[in-house]
Structures are given as C-alpha cells and as structure tokens.
Amino acid sequence: MSIISNSLKRIKPSPTIAVTQKARELRAAGKDVIGLGAGEPDFDTPDNIKNAAIKAIKSGDTKYTAVDGTATLKKAIVDKFRRENKLNYSTNQITVGTGGKQVLYNAFMATLNKGDEVIIPAPFWVSYPDMVLLAGGKPKIIKCTEQEGFKLTPKKLKKAISKKTKWLILNSPSNPTGAGYSKKEIQDLAKVLVRNKMVYILSDDIYEHIRYDNFDFFTIAQISKLKDRTLTMNGVSKSYAMTGWRIGYAAGPKDIIKAIGKIQSQSTSNPSSISQAAAVEALNGNQGFIQKRSKAFKERRDFVVKSLNNIKGIKCLTPNGAFYVFPSCKGLLNKKTKFKTDTDFVKKLLEKENVAVVQGSAFGLDGYFRISYATSMKNLKKAMDRIKSFCENLI
Ligand code: PLP
C-alpha cells in the first residue's frame, strides 16, 4: 500500500514551475538559457512598499494576526474594491490568504463535494484543474479557440452547465493568453448565469492592472446581478511586483468567506504579518508604479508579437493584458519537422537554442506555447532571434 494519498495521485506538479526549474538547472550547468517560462514581473517591489515592511518589522508587527487578514488590510481591500471596481463590500466579506493561490485552493476546499463540477475555460491557468481535483471536484474543461480569441462564448457556457456545476472560473486578463473579456462579453455570459440561478462564479482578477491599448477592465460582480454568487479574487503579486510576499485576497458571500477562514485557521493561519503591512501600503499608497510598469510591458508585448508574426510557421494574436503571449506553432507540427505536438517543439527549442517556454497543452490547448515577456528587452531580443533561427532551420 502506498504512503501517498489517492487524492494526491490525481494531480501533477505545476508544469510552469517545472519549466522554470529546468531552466534554472541548465543555467547552473553553465548553459546560456533564456527563461520565458516564469509568471512573475521582473520589476522590483516599489520602495514605499518595502519601507512599510521594514517599519512593520521594527515596530514589532511580527506576531500572529487575525487568521484571514488584519483589520487594516481588510479595510484597504474594501477601499480598493470601492475605488477601482465600484463594488461595495463590508470587511466580513473579505478574506486574505498566502497568495491568490491559497485563496483559490481554500475556496474549492470549502465548497466542493465529491463529483461537483467546475467549468474551466481552456486555455487555463495550470493550477485550476489540479486544485479542483484535490478538493474532490471534477474539472469540466471547455476549449476556447483562437478564432474565439481564446474566450468562453455564452453558447459554450450554456452547453457546459449541468446539474452538478458549482463554479465557473473566469480569468481576465488571462494567463496564459493575455486575452481580456470586454464589458459586453462578460454581460453576455452573465445573462446565461442569471437564468441558471445555481452556478457560482470565481472571478480571478489577478492581472487587472496589467493591460494595454486602453482596454477597459470589468469584473463580473460589478456589471451583473451576480454579486451574491461571485467570489472576486485578486492580489498584490502581479500588480505590485510582490510575488514573493504571498498576499492574495477575495471578496464575496459571507458564508464562503467564513468557510475559507475556517480552513485557513486549521492549516496555515494568517499570512505573514509583515507582508500584510506591505500590502496595505501597496493598496493605499501611490499607484504611479502601475502606469510606468504597464508602459514597459506594452513595449515588450509589441516587440514580441511583431517578432513572432515575422517567423514562418508561427502565428500570434495581440493580447489585451497580462504579460503572456500564446502563439500557435501548428504550422511547424508536421512530417518535415518531425514534431507531433507542442511539447516536441518546446523540448527541442530548449535543447537546441536554450530558450525555455511552456507548451500549450499544459494549459489545456494543444498546438500553442506560452511566452512570458516579463523579462528585459535585451533577453527578449536574444530569445526572438533564437526562436526565429530555430524555426527557420526546421523548414
Ligand atoms: N491566478 C492566476 C491566473 C495566476 O497566473 C496566478 C499566478 O501565477 C495566480 C492566480 C496566483 O498568484 P499568487 O498566488 O502569486 O497571488
């Protein structure tokens, strides 16, 4: 009999973390690897936020806090939702966890019974299906094509809903495609959900602040009658370059918020007191960093999209947000290249040219790969040259 539990056997380690680890190992072995696999901004955390953390340490803010977040941080989150999303919550509708990842994990653990279904539009963030599986639920993956802009349509949503559906996950702007849902697209999905009366919505807004070309951000609770059935998740990791600080949060129905807190009280307890103090400064302090950083990301996005579309066999849509592109490599999967899958393509690219990207199949859609352009222009230029010569040598 195995010591490892059956529920753990249902899941796999994160493929994006695996690629990052592989790139790290190759680099340690002396190879000149360019890692385009990691999902984190290369910018440093702004100084005002760092200083707030130092102040917290020096003033003894170093003890256990309330399990699901300090009163000060919850108030800053309430204010953020009111200011940026026109959403009114009370502090007992807010929970804070160790990263958005923990908040989502707790939400599934708190709500899923065996066999409950969760609709996950693909391409999806790699952790959603495995979290659902761990919690005993059933991921219902709905593929959204490139022609659909990698976005869920009302027709597909309607068809996907069954008596067992508990949640729909929406992630805009999206990891891995960068696609953002317009106000109308969200409202059209909401029409299906309002009629249905049962399904809850998990809106993952972690990339809210990284968007381009005046793309307007809307979250479903703000523009539909579904606020009472929506858990709106967000965090400071991507918006404020704070991935290592581990602070994420959510707002939603009191019973779900309370249940999430109960799980946290018997697992990790509160997120780091110091990180919480830093997150208060991130949310309440000067927001100038967001604009400056988005401008730099936009330059990189434009460069990467243009470079990829100049490569024979590669095709890349222009995303609205986040720091990813999701190009198609279908034009290079054939007898001549001997590549059958995107995984073959990605493996060889790393082996031959030392460029680490992640295969689309890891995100639920074959024939694509994900590039994270959260790295310097210098690295991106080098990487694009290498990808071009790699692809052109194949044909
Ligand atoms: N949601 C999406 C779509 C993400 O890409 C990530 C991180 O990669 C998260 C949630 C979790 O972010 P964190 O746990 O760092 O707050």
Side-chain angles (χ1 to χ4, degrees), residues 13-21 35-43 45 49 68-69 73 77 80 95-108 118 120-132 139 144 150-152 167-181 201-211 217 219-220 231-251 260 264 267-268 271-272 275-276 278-279 282-283 297 319-326 358 362-365 370-375:
S14 159
T16 45
I17 291 178
V19 167
T20 313
Q21 182 57 24
L36 305 179
E40 69 177 347
D42 56 319
F43 296 95
T45 307
I49 299 174
D68 63 352
L73 179 51
I77 294 167
K80 179 261 179 248
T95 190
V96 183
T98 301
K101 208 171 203 171
Q102 189 191 22
V103 174
L104 291 172
Y105 177 78
N106 287 349
F108 291 132
V118 177
I120 307 177
F124 47 71
W125 178 45
V126 291
S127 294
Y128 298 141
D130 292 277
M131 282 183 182
V132 169
C144 306
F150 302 120
K151 288 182 272 190
L152 184 64
W167 288 101
L168 159 71
I169 302 180
L170 284 179
N171 173 218
S172 167
S174 140
N175 177 4
T177 65
Y181 286 78
I201 301 97
L202 216 159
S203 184
D204 180 343
D205 298 352
I206 200 104
Y207 293 99
E208 170 182 9
H209 290 122
I210 306 178
R211 50 184 207 263
F217 173 85
T219 189
I220 194 161
L231 188 69
T232 305
M233 189 230 100
N234 210 321
V236 296
S237 293
K238 319 280 176 172
S239 293
Y240 302 95
M242 290 175 72
T243 44
W245 301 73
R246 312 305 304 131
I247 296 291
Y249 56 84
I260 289 175
Q264 209 153 284
S267 51
T268 56
S272 151
S275 297
Q276 289 190 70
L283 295 174
F297 273 152
N320 309 102
F323 38 69
Y324 309 105
V325 287
F326 199 67
V358 187
F363 308 95
L365 203 66
R370 188 193 77 173
I371 286 179
S372 162
Y373 52 86
T375 186

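Residue indices begin at 1 and follow the sequence shown. Just so you know, ligand 1 is whichever comes first in the structure, and atom 1 is the first atom listed for that ligand. Note that the structure is predicted; figures quoted are calculated from it, not measured.
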Q) Judging by distance only, is a nitrogen or oxygen of N175 under 3.5 angstrom from one on ligand 1? A) yes
Q) Which heavy atom in W245 sits nearest to a heavy atom in S275, and how many Å separate them? A) O-OG, 2.8 Å
(Q) Check contact between S237 and ligand 1, using heavy atoms of the residue and a distance below 4.0 angstrom. (A) yes
Q) Is the closest N or O pair between Y207 and ligand 1 shorter than 3.5 Å? A) yes
Q. Which heavy atom of the protein is the closest neighbour of atom 7 (C) of ligand 1, given with residue, atom name and distance?
A. K238 NZ, 2.9 Å
Q | Distance filter under 4.0 Å to G99 heavy atoms, resulting ligand 1 atoms | A | 14 (O), 16 (O)
Q: Could you pull out, from D204, T98, I247, the option with a heavy atom nearest to atom 10 (C) of ligand 1?
A: D204
Q: Look only at interatomic distance and state if G100 has a nitrogen or oxygen under 3.5 Å from any nitrogen or oxygen of ligand 1.
A: yes
Q) When you look for heavy atoms under 4.0 Å from ligand 1, do you find them on the side chain of Q102, its backbone, both, or neither? A) neither
Q) Does K238 use its side chain to pair, donor to acceptor, with the backbone of P41 at less than 3.5 Å? A) no
Q) Quick one: does G235 get within less than 4.0 Å of ligand 1, heavy atoms only? A) no
Q: For I206, take its heavy atoms, then give the atoms of ligand 1 lying under 4.0 Å from any of them.
A: 1 (N), 2 (C), 3 (C), 4 (C), 12 (O), 16 (O)
Q) With respect to E208, which candidate in T219, N234, T232 satisfies the side-chain hydrogen bond (donor to acceptor under 3.5 Å, both in side chains) definition? A) N234
Q | Donor-acceptor contact present, side-chain Q276 to main-chain I247, <3.5 Å | A | no
(Q) Applying side chain to side chain contact (heavy atoms under 4.5 Å, CB included) to Y128 and L202, what does each step give before you reach the verdict? (A) CA-CA 11 Å; Y128 298 141; L202 216 159; over 6 Å; no
Q. Would you say the ring centroid of F323 lies under 6.0 angstrom from that of Y207?
A. yes
Q.
For atom 11 (C) of ligand 1, which of the options W125, F323, W245 provides the nearest non-hydrogen atom?
A. W125
Q) Which bit of E40 is near ligand 1, meaning a heavy atom under 4.0 Å away: side chain, backbone, both or neither? A) neither
Q: May I ask you to decide if I220's main-chain N or O and Y181's side chain share a donor-acceptor pair within less than 3.5 Å?
A: no
Q) Any sub-3.5 Å donor-acceptor pair from Q102's side-chain atoms to G248's backbone N or O? A) no
**Q.** S372 side-chain N/O to G37 backbone N/O, donor-acceptor pair under 3.5 Å
**A.** no
Q: Report yes if Y128 has an N/O atom closer than 3.5 Å to an N/O atom of ligand 1; otherwise report no.
A: no
Q. Does any non-hydrogen side-chain atom of Y324 lie less than 4.5 Å from one of I371?
A. no
Q: Measure N171 to ligand 1 on non-hydrogen atoms and call it side chain, backbone, both or neither using the 4.0 Å cut-off.
A: side chain
Q | Polar proximity ligand 1 side, R246 side, N/O cut 3.5 Å exclusive | A | yes
